[in-house]
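Report on the following structure.
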Amino acid sequence: MRRIAVLTSGGDCSGMNPAIRAVVRTALAKGIDVVGIQRGYRGLIDRQYEMLHHQSVSNTLQRGGTFLQSARCKEMMSPAGQAIAVETLEGIGIEGLVVIGGDGSLRGAKALHERGIKTIGIPASIDNDIPFTDMSLGVDTALNNICYAVDCLKDTASSHDRTFVVETMGRGSGYLALTAAVACGAEFALIPEVEFDLDAICEILRRRFKDGRNNSLILVAEGAASAKEIADQIKDRIHFETRLMVLGHYQRGGSPTAFDRLLACRFGMTAVEALLAGESGKMIGLTKSEIQLTELDKVISEKTRPIDQMLVKLGEIMDR
Ligand code: F6P
């Protein structure tokens, strides 16, 4: 293998830069050229790429986002778009590709593998909804970002006897809302995986108030409900002074945590080694602290990553 390519695709997250760096430096150490594809699969469609050298990834380890940039590329879902992508890769002599991204990006990786491009995926999405890995890149940094924000809100909530409703990202996954609720001692986490009863929540809030616990925090995953509606409903039903915070894209940025940097290094190096060993159509994952490879077929056909019931229990026992 003489030349490989790397791209970051879908929603960006912290940890993508260190993963690119690990891919580049591992490949260069083995005498392999690396091409960086710009803006994910869009760069394959529009033929935008650059050669990456040792220096190209200097000073990127601690930076959030992705210096190659990312995009959500609809064309990659169609056979015509995939054919252009293969043409671009073959045109520049790419013998192996590393795709860093979430669920949709891994589907693209699988399509390229099926079209004969040796491809390895690295899971990267703050949602932590990708199966066959305990953690995806970016999750730990996003969780720490949320914890920082929620701790700040707790200070002001307790100074004013207020209920704060905080919306986290996670269209189909409550991982961030639930783990942040446990890590920050929030009273409730409303997540798409578990039904909730707002009447019961209001009752608990009222009971807490009677017991002298006058401030509360409710974390809402965006896929479970609109935080604004929850805040309005609480105000209407029990007349609590309520404030709203939608954390939005703040969660996705910032310097990657040490955990994400180390995970990115391990994922990136393993991806290159896997390509050199002749592997393709697989995703690198972290299972019980071990780095493992799983067929992209299996990753994609598995519906969702189940929510950890211990976290649900912890949330109920520790914080009400
Ligand atoms: O999939 C990652 C994610 O951050 C989701 O949690 C969120 O719903 C979505 O991306 C936001 O997408 P965009 O950056 O395109 O607005």
Side-chain angles (χ1 to χ4, degrees), residues 7-17 19 38-43 64-77 99-110 121-150 165-181 183 189-194 219-230 244-257 260 263-264 267 283 285 296 299-300 302-307 311:
L7 63 82
T8 48
S9 158
D12 72 316
C13 65
S14 295
M16 283 181 159
N17 275 329
Q38 291 151 357
R39 296 185 180 78
Y41 293 118
R42 172 119 312 283
T66 158
F67 78 90
L68 285 177
Q69 298 199 275
S70 191
R72 300 192 190 274
C73 177
K74 283 211 181 89
E75 282 99 317
M76 236 344 248
M77 291 177 187
V99 171
I100 305 167
D103 177 65
S105 313
L106 296 172
R107 282 172 198 276
K110 177 176 171 272
I122 291 182
S125 165
I126 66 164
D127 294 348
N128 213 23
D129 56 351
I130 302 169
F132 297 101
T133 185
D134 295 340
M135 289 294 271
S136 292
L137 284 184
V139 176
D140 189 60
T141 305
L143 181 55
N144 278 282
N145 286 345
I146 297 170
C147 286
Y148 179 77
V150 171
V165 183
V166 183
E167 187 173 298
T168 68
M169 276 189 167
R171 279 178 294 209
S173 159
Y175 182 90
L176 283 176
L178 183 59
T179 49
L190 310 189
I191 59 173
E193 295 88 342
V194 180
L219 295 196
V220 182
E222 63 180 333
S226 143
K228 181 171 182 328
E229 260 168 44
I230 299 291
L244 167 73
M245 169 122 211
V246 177
L247 293 175
H249 288 80
Y250 152 81
Q251 295 159 91
R252 290 233 298 254
S255 180
T257 57
D260 268 327
L263 191 64
F267 279 178
M283 182 193 82
L296 282 170
V299 174
I300 280 152
E302 186 89 5
K303 273 261 175 299
T304 43
R305 222 175 142 270
I307 205 79
L311 286 169

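Whatever order the structure lists ligands and atoms in, that order sets their numbers, starting from 1. In what follows, every heavy atom counts, from backbone to side chain, and hydrogens, waters and symmetry copies are set aside.
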task: Please lay out, stage by stage, how Y41 and M77 fare under the test side chain to side chain contact (heavy atoms under 4.5 Å, CB included).
output: CA-CA 10 Å; Y41 293 118; M77 291 177 187; over 6 Å; no
Could you tell me whether R42 and E75 make a salt bridge, using a distance below 4.0 angstrom between a side-chain N and a carboxylate O?
yes
In this structure, atom 2 (C) of ligand 1 is nearest to the protein heavy atom D127 OD2, 3.5 Å
task = Report yes if I126 has an N/O atom closer than 3.5 Å to an N/O atom of ligand 1; otherwise report no.
result = no
Ion pair present between R252 and D12, side-chain N to carboxylate O less than 4.0 angstrom?
yes
Result for side chain to side chain contact (heavy atoms under 4.5 Å, CB included) between S14 and one of V139, T141, T66 points to T141
min-distance protein heavy atom vs atom 4 (O) of ligand 1 -> R252 NH1, 2.8 Å
Ligand 1 to E222, heavy atom cutoff 4.0 Å, flagged ligand atoms 5 (C), 6 (O), 7 (C), 8 (O)
The closest protein heavy-atom partner of atom 15 (O) of ligand 1 is R72 NE, 2.9 Å
Looking only at protein heavy atoms, what sits closest to atom 16 (O) of ligand 1 is H249 NE2, 3.2 Å
Of N128, D260, T8, the one forming a side chain to side chain contact (heavy atoms under 4.5 Å, CB included) with L137 is D260
Residues at least two apart in sequence or cross-chain that pass side-chain hydrogen bond (donor to acceptor under 3.5 Å, both in side chains) with E222, listed by chain then number, are none
Open item on the list: Yes or no: does G170 have any heavy atom under 4.0 Å from an atom of ligand 1?
Closed with: yes
